[in-house]
Amino acid sequence: QVQLVESGGGLVQAGGSLRLSCAASGRTSSSYTMGWFRQAPGKEREFVSAIRRRDGNTYYADSVKGRFAISRDTAKNTVYLQMNSLKPEDTAVYFCAADSRTIGVISTTPSRYDYWGQGTQVTVSS
């Protein structure tokens, strides 16, 4: 089992920044891909970004490319999502997730991720 705990959400004005953290514990592995997803009220959960723990390869949704940056600290077993130039449409609950099964590519499909955190609220005011 893998436990994921997110932190760092909050309320910020448009144009501001936040950094989310995701601390992993339990049976983590360097082969996992760590992802961030978000879900706004009434909408489906959508992919934001992911990083392969093994080689640091990253991938971003077009909607956040150039504004968000994902990184990892392998010593701390923690993944970060730096969010800059935030927009009201970024408002959502942000979830950290781990994919232990997909090999070779970074999946953007929520169903491929088998471990999830509880989520942290990000609210961007206009």
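Summarising the geometry, atom OG1 belonging to T109 is positioned 9.5 Å from atom CZ belonging to F47; distances are rounded to the nearest 0.5 Å. Rounding to the nearest 0.5 angstrom, the gap separating the OG atom in S85 from the CG atom in D90 is 9.5 Å. Taking CG from D55 and CZ from R72, the interatomic distance works out to 7.0 Å, rounded to the nearest 0.5 Å. Between Y94 atom OH and Q121 atom CD the span is 9.5 Å, to the nearest 0.5 Å. Taken to the nearest 0.5 Å, the OG1 atom of T58 stands 6.5 Å off from the CD1 atom of I106.
No more than 12 heavy atoms of other residues, nucleotides or ligands lie within 6.0 Å of NZ in K76, so this atom counts as exposed by the packing criterion. The number of heavy-atom neighbours closer than 6.0 Å to CZ of R27, taken from other residues, nucleotides and ligands shown, is 12 or below.
Side-chain atoms of I70 and Y59, non-hydrogen and from C-beta on, never get closer than 4.5 Å to each other. Put simply, the side chain of L86 reaches to within 4.5 Å of the side chain of F68, judged on heavy atoms. Residues L81 and V48 have side chains in contact (heavy-atom distance under 4.5 Å, counting atoms from C-beta outward).
Both I51 and L20 are part of a single hydrophobic cluster, where members link through side-chain heavy atoms under 4.5 Å apart. Under a hydrophobic clustering in which Ile, Leu, Val, Met, Phe, Trp and Tyr are joined whenever their side-chain heavy atoms come within less than 4.5 Å, directly or via other members, F95 and Y60 fall into different clusters. No single ILVMFWY cluster, assembled from side-chain heavy atoms under 4.5 Å apart, contains both V93 and M34. No continuous path of hydrophobic side-chain contacts links V122 to W116 [ILVMFWY only; heavy atoms under 4.5 Å]. Taking hydrophobic clusters as Ile, Leu, Val, Met, Phe, Trp and Tyr residues chained together by side-chain heavy-atom distances below 4.5 Å, W36 shares a cluster with Y115.
For the pair R19 and Y80, the cation sits on the ring face: its NZ or CZ lies under 6.0 Å from the ring centre, inside 45° of the axis.
No donor-acceptor pair closer than 3.5 Å links the side chain of R52 to the backbone N or O of N57. In terms of modelled atom types and a separation under 3.5 Å, the side chain of Y113 and the main chain of S107 share a donor-acceptor contact. At least one donor-acceptor pair closer than 3.5 Å links the side chain of T91 to the backbone N or O of V124. Side chain of E6 to main chain of G119: a donor-acceptor pair is present (N/O by atom type, distance under 3.5 Å, no hydrogens or angles). The backbone N or O of T74 lies less than 3.5 Å from no partner atom in the side chain of R53, so there is not a single donor-acceptor pair.
Considering all non-hydrogen atoms of both residues, T33 and A50 come closest at CG2-CB, 3.9 Å. Taking every heavy atom of both residues into account, N84 and S17 meet most closely at OD1-OG, 2.9 Å. When all heavy atoms of S126 and P88 are compared, the closest pair comes out as CB-CG, 3.9 Å.
Scanning for side chain to side chain donor-acceptor pair (under 3.5 Å) contacts around D114 gives S100, with sequence neighbours left out.
Exactly one residue among K87, M83, R38 makes a side-chain contact (heavy atoms from CB on, under 4.5 Å) with V64. That residue is R38.
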